[in-house]
Amino acid sequence: MSAREAAIPSRAQSVTIIAAASLLMCLGMGMRQSFGLFMVPITGDLGLSVSDFTFALALQNMIWGITQPFVGAIADRFGMRMMLVAGSLCFSAGLVVTVFATGALSLYLGTGLLIGTSLSCTASNLSLTATSRVVSPVRRSATLGMVAGIGSFGTFIVAPVAQKLIAGHGWHTALVAFVGLSAIMLPAAFLTGRVDKVADQSGRARPGDGTAPETFREVLRAAANHRGYVTMATAIFVCGLQLIFLTTHLPTYLALCGADPMLGAEALSTIAIFNVIGCYGLGWLGGRYPKHVLLGLVYVLRSIFIAVYFMLPATPPTTLVFAGLMGLMWLGVIPLTQGLVIQMFGLRYLATLSGIMFFTHQVGSFLGAWGGGLIYDYFGSYDHAWQLGVVIGLIAGTAQMLTDDKPSGRKRLAPVAA
């Protein structure tokens, strides 16, 4: 058996890496998508405005986006384990700083800078890149959807627990519980990092072995000249804008409408559980139908559902139905975008190219979180915020469906094992 054949992962190795990556996403994304529940108690306790708190979350998303391409490039070049472990430690540090926050600056440091940086290492990009490298091409889209869905399942568990702790013991206790959860991320990161020692199932070279056919500069040039990639990287802006607007502001919107505070947590949990179905479903569909068309359709349908919900009274039934529909399309874009990058450019620089694209997503997240808070502070309602998000979503979705998904001229197609 050759050295390269020995590097192909066994089934046990593949399952271990995928399970660890799923747990890492489950914990990190579950906590990250629950921060909106802390807006009312933290702003009231620390004497902050809504825009102060939302700027911390906006900064988190912006830092996540800025650092993601660099983290992806380092992981592609030197391996994933050190970035995954460092990110897990950074997540815990950010939570600790937030627990002891006394004002806006400490909130910006903990919730914004530290957790934002950690998400570049522990959230979807590196976890799904690791998954892509240990599954066969024929199973890749559905497996990516499964891992993304498990990642969202964390919100289903974390959000209601966090809300109960906030209501019964205060936001400090809830964040201390988050610190405990973040400690579990460290062994998950270490096990996910085992992907550095194996080649992917399609037989392509693993990072750092010197046999990859494209250079970093060539791949960046090819990406900049690929109309489908540029369109996808631009259109994904609306994904970040819409989703972070909802996770950040929906609990506050429901409180303004006089709803029970638990309804916000229930809505986030409903999004999470339906997202498990949606991620796997869109991953499965992405293996059978054009991914760029499915991706554009997701943006359009999200926009329509947002418009209908905010025009109706915010009752528990309408809120939970809306949450379920949005959940079906929540993180389902991840297997589609990851699959499109692989389809266009192969696996060698997947973390880098996904990271560059994700920067645009996080610009949208920044505006969805902070911009929504600014609009609310200025106008006293969220009407202009959701209306703007709907218009941009319809434009982006249409553009995404009309673009192409052809492989780059520099992509080398590797033979697929039977």
Side-chain angles (χ1 to χ4, degrees), residues 68 72 124-125 128-129 131-132 135 137-149 202 219-243 275 278-305 326 328-364 389-413:
Q68 185 71 86
S124 57
N125 191 27
L128 292 176
T129 297
T131 300
S132 297
V135 294
V138 70
R139 297 179 179 177
R140 184 171 290 139
S141 185
T143 305
L144 289 174
M146 179 190 70
V147 173
S202 66
V219 142
L220 291 183
R221 186 181 301 115
N225 292 326
H226 195 295
R227 186 170 69 91
Y229 177 82
V230 172
T231 301
M232 179 171 61
T234 305
I236 202 171
F237 167 91
V238 74
C239 179
L241 186 147
Q242 291 178 338
L243 298 195
N275 184 55
C279 282
Y280 184 80
L282 284 170
W284 183 85
L285 289 171
R288 289 158 177 78
Y289 301 100
K291 297 179 183 66
H292 67 291
V293 175
L294 292 171
L295 187 58
L297 188 60
V298 166
Y299 297 156
V300 170
L301 289 176
R302 276 186 190 164
S303 302
I304 293 173
F305 292 149
M326 293 298 292
L328 291 174
M329 299 174 291
W330 198 257
L331 295 183
V333 301
I334 294 179
L336 298 179
T337 54
Q338 294 280 115
L340 280 168
V341 173
I342 297 170
Q343 183 175 317
M344 294 172 185
F345 304 104
L347 279 163
R348 176 64 182 91
Y349 290 105
L350 174 59
T352 304
L353 292 174
S354 295
I356 293 171
M357 178 179 64
F358 189 71
F359 171 75
T360 311
H361 180 281
Q362 293 309 96
V363 173
V390 166
V391 171
I392 296 174
L394 293 174
I395 294 171
T398 302
Q400 179 63 63
M401 286 190 286
L402 295 177
T403 193
D404 68 80
D405 60 347
K406 296 177 182 178
S408 165
R410 291 192 178 275
K411 179 183 174 185
R412 312 302 204 268
L413 294 174

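Heavy-atom basis, side chains included; hydrogens, waters and symmetry copies ignored.
Every side-chain contact (heavy atoms from CB on, under 4.5 Å) that Arg288 has, sequence neighbours left out, goes to Trp284. Considering only residues two or more places apart in sequence or on other chains, Leu301 meets the side-chain contact (heavy atoms from CB on, under 4.5 Å) condition with Leu297, Phe305, Met329. Shown here are the side-chain contact (heavy atoms from CB on, under 4.5 Å) partners of Asn225, two or more places apart in sequence or in another chain: Arg221. Qualifying side-chain hydrogen bond (donor to acceptor under 3.5 Å, both in side chains) partners for Thr131, counting only residues two or more places apart in sequence or in other chains: none. Every side-chain contact (heavy atoms from CB on, under 4.5 Å) that Leu394 has, sequence neighbours left out, goes to Val300, Ser303, Ile304, Val390. For His292, the ring-ring contact (aromatic ring centres under 6.0 Å, His included) test picks out no residue, with sequence neighbours left out. With sequence neighbours left out, Tyr299 forms a ring-ring contact (aromatic ring centres under 6.0 Å, His included) with no residue at all.
Of all heavy-atom pairs spanning Leu144 and Ser132, the tightest one is CD2-OG, 3.5 Å. Contact between His361 and Cys239 at its shortest, heavy atoms only, is NE2-SG, 3.5 Å. Counting all heavy atoms, side chain and backbone alike, Pro335 lies closest to Cys279 at CG-O, 4.0 Å. Residues Val238 and Ala396 approach most closely at CG1-CB, 3.7 Å, considering heavy atoms. What you find for Ser354 and Gln338 is that their closest heavy atoms are OG-OE1, 2.9 Å. The heavy-atom pair separating Ala233 from Ile236 by the smallest distance is O-CG2, 3.4 Å.
Put simply, CD on Gln400 and OG1 on Thr337 are 9.5 Å apart, with the number rounded to the nearest 0.5 Å. Going from atom CG of Asn275 over to atom CD1 of Ile334 covers 8.0 Å, rounded to the nearest 0.5 Å. The structure places OG1 of Thr360 at 10.5 Å from CE of Met232, a figure rounded to the nearest 0.5 Å.
Pairs engaging residues 390-399 under the salt bridge (Lys or Arg N to Asp or Glu O under 4.0 Å) rule: none recorded [sequence neighbours left out]. The stretch residues 224-236 participates, sequence neighbours left out, in these salt bridge (Lys or Arg N to Asp or Glu O under 4.0 Å) pairs: Arg227-Asp404.
Formation of a donor-acceptor pair under 3.5 Å by the Lys291 side chain with backbone atoms of Gly286 is found in this model. A side-chain donor-acceptor contact under 3.5 Å links Tyr229 to the backbone of Leu353. Looking at Gln362, its side chain never comes within 3.5 Å of a backbone N or O of Gly240 through a donor-acceptor pair.
Side-chain contact between Leu243 and Arg302 is present, with heavy atoms from C-beta onward closer than 4.5 Å.
When the shell of 6.0 Å around CZ of Phe237 is examined, it contains more than 12 heavy atoms from other residues, nucleotides or ligands.
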